[in-house]
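Each chain gets a letter, A, B and so on, in the order the sequences are listed, and its residues count up from 1. All values below were derived from every heavy atom in this structure, side-chain atoms included, with hydrogens, water molecules and symmetry-related copies excluded. None of the values given here were measured: they were computed from a predicted structure.
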There are 2 protein chains.
Amino acid sequence: MAKLNYRTLRQEVVDEIRQKILTGEFKEGERIKENEIATLFGVSRGPVREALRQIEQEGLVHYERNVGCSVAAITQKDVYEVCLLRAALEVLSVKLCHGKISKGTLDKMRESVQRMKGMETDLYALTQEDKFFHNCLVEEAQVSRLKHTWWTMGSNHAVLLCAHQNGTKTHYDQHLELLQCCESGDTAKIVEAIKAHYNLKTDYVQRTQLQI
Amino acid sequence: MAKLNYRTLRQEVVDEIRQKILTGEFKEGERIKENEIATLFGVSRGPVREALRQIEQEGLVHYERNVGCSVAAITQKDVYEVCLLRAALEVLSVKLCHGKISKGTLDKMRESVQRMKGMETDLYALTQEDKFFHNCLVEEAQVSRLKHTWWTMGSNHAVLLCAHQNGTKTHYDQHLELLQCCESGDTAKIVEAIKAHYNLKTDYVQRTQLQI
DNA sequence: TCACATGAAATTGTATACAATCGTCAGTAT
DNA sequence: ATACTGACGATTGTATACAATTTCATGTGA
C-alpha cells in the first residue's frame, strides 16, 4: 500500500538523464553509451534503452543505428524552432479559451512567477519553473493532445539556452509581464504578449519578422 | 552491401502494428499483449516493447503499468483535437513560407491528389496518401521540429475516422480544392482553405465556431 | 606516403530468462 | 447473498546472454 504510486525504472532513468543533459553534465555531442548509464544507475540496459528512446522523441538525444546515442546539439535554429512552436501552441490555447483564464490558473501562475524571483542563477530550476508557468496556459484550453504535443516537444533544452542569451530582462520580469497581460482577459492582448515573449528570446525571429 | 538501408525490427514492428490498428484488425479497446505480437511476428518481446512505446507516443495505444497495452479509443473529441492541431501547424507552415509553395512541392501534391482518385474505398491507403499530401505543406516551411511534431501527433487514426464521417465530398474533391488554393500563392487564401478543410471534417469544430 | 584490406574491440540490436505485479476465481466466514 | 481472503495464472518489468554491426588501429602493398 505504501508504493501506491511508485515509479518504474524507465521513468526514473528518464528524469536522471534529462537532468544530466539540462544541467550540462552531459554536454552537447557527447556520446551516451547504454551500458555506461546502466552501470551508473545500477540497472540493466533495458530500462535505459527505453528511457533514451523517449528522450530521443523529445529531441534531447539522437540515435544512429548500430552506432549509438549522443546528446543533441542545439543550434540557434533549434531555439528558433522551439520558440516558434511553443508560441503557436500557446496562442492556440489562449484563442480556445477566448482569453479567459480561470482564477485558479492565474493564481498558480502568480505563485510561479514569485518563485522565479530567486532563481535567476539556477538555470535548471528556472527551466522547470518556466515549463510549469507555460503549462498553465496550455492546460487552460483543456485539449489533451495540445498539452501532450507541447510537453513532448523537447522544449527544455532550447529554453535553457535562451536563458543564457537574453540579458536584457530577468526571467521574473518577462513572465510577470506576460502574466499581467493574461490577467486582462483580452485575447488579442495576450496573443501579442506571447509573441513578444518568444520574439524576445531569439533575435533570429526578430530578424525574419515572422508573423506567427 | 545489399542491405544498405535495411530497417530495424523495431521499425518493422511499428509499421505492422500501426497498420493493423488503422485497418481495424486491432479494434478499439482491444488488449495488445507483447508476447502475442512477438510470436505473431516471430521476434522477441524487446523490439515489440520499443515499438509499442513509440506507438503510445503517437497516441494509438495506451499503456497501464503492470496491466498492459490496449488500442486507444478514439472519441469525437480526439478527432476534434487532431484536426485543431493539424490545422494550426499547417497554417503556421504556410505563414512561414509566406504562401509561396515551390513548384516541386505543388507537383508532388498534384500527383498525390490524382492518386486519391481511385482510393475512396481503401481507407488505409487513403490515410497514407492524406499524410503524404499534408506533409508536403508542412515540409515547405523547412522547420524540422515542426515537421517532427506534425508527424508524431498520431494523426492517422483520427483522420481515418474522419473519412467515415464525411460523406459530403470525396477526399479527392477536398484535397483538389485545397491544392488549388495553394497554387494561388496568397497566404490568407490558403490559410482559410486549410481551416475550411479541417472544419469540414468534424461538426464539433463547426459548432464551437473556433477561430484557429 | 597513401590506399586498402583485415581483424579485434566496443557498442548496439535482439533473444531468452527471471522477478514483480495484477486480475481472477474459488473458497469461506459473516 | 455478500464481502473478504488467498492462491494461481497471466502479463508486464527487469536482468542477463548472445548476435550483428560499426569503428578503429594495425599492417601490407603499390
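Surrounding CD of Gln114(A) are more than 12 heavy atoms belonging to other residues, nucleotides or ligands, all under 6.0 Å away.
Between Arg31(B) atom CZ and dG9(D) atom P there is a gap of 18 Å when expressed in whole angstrom units. Atom-to-atom, CD of Gln11(A) to P of dT12(D) comes out at 16 Å; the value is rounded to the nearest Å. Atom OH of Tyr63(A) and atom P of dT12(C) are 7 Å apart (whole Å). A straight line from CG of Leu9(B) to P of dT16(C) spans 12 Å, rounded to a whole angstrom. One can place CZ of Arg7(B) at 18 Å from C1' of dT12(C), the figure rounded to the nearest angstrom. For Ile37(A) and dA10(C), the CD1 to P distance is 18 Å, given to the nearest whole Å. Residue Glu34(A) contributes atom CD, which lies 12 Å from atom C1' of dT14(C) at whole-angstrom precision. Note: NZ (Lys33(B)) to C1' (dG9(D)) measures 12 Å, nearest angstrom.
Heavy-atom distances to DNA chain D give each of Asn66(A) and Gly42(A) a nearest nucleotide, and the one nearer the 5′ end belongs to Gly42(A).
Take Glu56(A) and apply the side-chain hydrogen bond (donor to acceptor under 3.5 Å, both in side chains) test, not counting sequence neighbours, and it matches Arg53(A). The salt bridge (Lys or Arg N to Asp or Glu O under 4.0 Å) test applied to Glu12(B) returns Arg7(B), not counting sequence neighbours. Partners of Asp107(A) according to the side-chain hydrogen bond (donor to acceptor under 3.5 Å, both in side chains) rule, which considers only residues two or more places apart in sequence or in another chain, are Lys103(A), Arg110(A). Checked against side-chain hydrogen bond (donor to acceptor under 3.5 Å, both in side chains), Glu50(A) has the following partners two or more places apart in sequence or in another chain: Arg49(B). Thr105(A) is linked by a side-chain hydrogen bond (donor to acceptor under 3.5 Å, both in side chains) to Ser102(A), Glu140(A), counting only residues two or more places apart in sequence or in another chain.
Candidate nucleotides dT23(D), dT12(D), dT11(C) were compared by shortest atom distance to the side chain of Asn35(B), and dT12(D) ranks first.
Near DNA chain C, meaning a heavy atom under 4.0 Å from it, residues 43-55 of chain A has Arg45(A), Arg49(A), Arg53(A) in order of number.
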